[in-house]
Amino acid sequence: MLNEFTGFPVAALDFYEDLEADNSKQFWASSKHIYDEAVKRPMLAMLGLLEEEFGPAKLFRPYRDVRFSRDKAPYKTHQGAYVGSGQSAGWYVQIDAAGIFIGAGFYGGSATEIAAYRRAVDDATTGPELETIIGSLRADYEIGGEQLKTKPRGFAPDHPRIALLRHKSITVGQRHVSPAWLSTPEALDRVRGTWRELRPLVEWLTRNTGHADHART
């Protein structure tokens with residue numbers, strides 16, 4: 001059954017390691033059954049079990065858009081999924097050759113949403129709230145996202161939250177390299193637990209960058 005989740009088998013990581021070595025239509029055609037059974041099926045099962053608490057997920061397509069890229073490799077070397085809480089805020093999980101990445105954040109926001117984010121960071125109430133949230137996560141999570149090299153226009157270079165203001169996107173997550181629990185039902189608990197820890201961040205981003213609107217597949 002689709003909602004039965006027993007973990008991601010080692011074959012999922014092996015599939016992406018092989019795809020990195022041979023990113024061709026021929027390899028994909030001969031190995032798609034492995035992708036379907038070792039990657040797609042368990043990912044959908046896990047997301048289905050998380051839906052009641054976090055909302056419906058978007059499973060990203062495995063195909064790359066190569067129209068404007070010099071890299072013409074046709075397939076992504078990872079499988080990502082996203083649960084939206086706001087227009088550009090939500091939770092994320094990814095399987096690839098290395099293992100699993102679990103995170104959340106604000107990504108791909110419009111100019112209007114980025115401006116709203118910066119106004120909230122600048123605000124004397126909401127700005128320190130985000131600073132506290134990020135500070136509580138920094139020891140255990142990787143903080144990432146696209147940033148300006150200099151200050152954003154209209155803000156002083158000595159602003160107390162200038163580092164957060166530079167962000168055009170902000171992501172917080174953990175990468176687990178081939179963990180023993182990945183091939184067991186514990187993987188579901190790990191994703192759920194991490195997403196719960198990141199809920200304060202997602203809620204702040206949802207309130208301050210756009211309206212709540214769950215992502216649809």
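All values below come from the heavy atoms of this structure, side chains included, with hydrogens, waters and symmetry mates left out. Because the structure is predicted, anything quoted here is derived from the model rather than measured.
- The aromatic rings of Y75 and Y63 are tilted relative to each other, their planes meeting at an angle between 30° and 60°.
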Chi angles and distances behind the side-chain contact (heavy atoms from CB on, under 4.5 Å) call for Y117, I170: CA-CA 10 Å; Y117 162 81; I170 186 163; 4.2 Å; yes

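- Smallest separation of non-hydrogen atoms from G80 and Y92: CA-OH, 3.6 Å.
- Taking 4.5 Å as the limit, some side-chain heavy atom of R118 sits within range of a side-chain heavy atom of P152.
- Here W91 and F54 bring their ring centres to under 6.0 angstrom of each other.
- Distance alone, capped at 3.5 Å, places no donor-acceptor pair between the D123 side chain and the R119 backbone.
- A continuous path of hydrophobic side-chain contacts links L59 to V191 [ILVMFWY only; heavy atoms under 4.5 Å].
- A distance of 12.5 Å separates CD of E129 from CD1 of I134, quoted to the nearest 0.5 Å.
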Test side-chain contact (heavy atoms from CB on, under 4.5 Å) applied to V93 and W195, step by step: CA-CA 9 Å; V93 62; W195 282 5; 4.0 Å; yes

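- Between T209 and A89 the shortest heavy-atom distance is OG1-CB, 4.4 Å.
- D122 and R161 make their closest contact through O-NH2, 3.1 Å (heavy atoms, listed as atom of the first residue, atom of the second, distance).
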Stepwise side-chain contact (heavy atoms from CB on, under 4.5 Å) test for R64 and D71: CA-CA 10 Å; R64 296 182 64 247; D71 180 3; 3.8 Å; yes

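- Summarising the geometry, atom CD belonging to E51 is positioned 12.0 Å from atom CD belonging to E53; distances are rounded to the nearest 0.5 Å.
- Counted by atom type alone, S24 and D22 present one or more donor-acceptor pairs between their side chains at under 3.5 Å.
- Side chain of D65 to backbone of R67: a donor-acceptor contact under 3.5 angstrom is found.
- Within 6.0 Å of NZ on K25 lie no more than 12 heavy atoms contributed by other residues, nucleotides or ligands.
- For F5 and F8, the ring centers are positioned less than 6.0 Å apart.
- The distance from the OG1 atom of T194 to the CG atom of D189 is 10.5 Å, given to the nearest 0.5 Å.
- Closest heavy-atom contact between V121 and H159: O-CE1, 4.4 Å.
- Note that CZ of F15 is 8.5 Å distant from CG of D18, once rounded to the nearest 0.5 Å.
- In this structure, NZ on K168 lies 5.5 Å from CD1 on I114, to the nearest 0.5 angstrom.
- Results of the side chain to side chain donor-acceptor pair (under 3.5 Å) test with E37 over R41, H33, K40 single out R41 as the only residue that passes.
- Every pair tested for ring pair (Phe, Tyr, Trp, His ring centres under 6.0 Å) that includes a residue from residues 134-157 fails, sequence neighbours excluded, so the list is empty.
- In this structure, the side chains of E113 and Q87 come closer than 4.5 Å at one or more pairs of heavy atoms.
- Judged purely by atom type and a 3.5 angstrom limit, Q174 uses its side chain to pair as donor or acceptor with the backbone of D140.
- For the pair Q79 (side chain) and F60 (backbone), a donor-acceptor distance under 3.5 Å is present.
- The backbone N or O of P9 sits nowhere less than 3.5 Å from a side-chain atom of S183 that would complete a donor-acceptor pair.
- Under the 4.5 Å side-chain heavy-atom criterion for grouping Ile, Leu, Val, Met, Phe, Trp and Tyr, W181 is not connected to V177 through any hydrophobic cluster.
- Heavy atoms only, all atoms of each residue included: H78 and D96 are closest at CB-CB, 3.7 Å.
- Atom CG of L201 and atom CG of L205 lie 4.5 Å apart (nearest 0.5 Å).
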Test side-chain contact (heavy atoms from CB on, under 4.5 Å) applied to S88 and Y107, step by step: CA-CA 6 Å; S88 301; Y107 187 81; over 6 Å; no

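- Residues T6 and T184 form no side-chain contact, since every pair of their non-hydrogen atoms from C-beta on lies 4.5 Å or further apart.
- Considering all non-hydrogen atoms of both residues, L182 and A187 come closest at O-CB, 3.8 Å.
- When atom types are taken as modelled, the side chain of K58 and the backbone of V83 share no donor-acceptor pair closer than 3.5 angstrom.
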Salt bridge (charged side-chain N to carboxylate O under 4.0 Å, His left out) between E186 and R192, intermediate numbers included: CA-CA 10 Å; E186 185 183 343; R192 180 188 287 117; over 6 Å; no

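- Residues P157 and K151 meet the side-chain proximity criterion, which asks for heavy atoms closer than 4.5 Å.
- Annotation: side chain of Q94 is not in contact with side chain of I100 (no heavy-atom distance under 4.5 Å).
- Between Y35 and W28, the ring planes lie tilted relative to each other; the angle falls in the 30° to 60° range.
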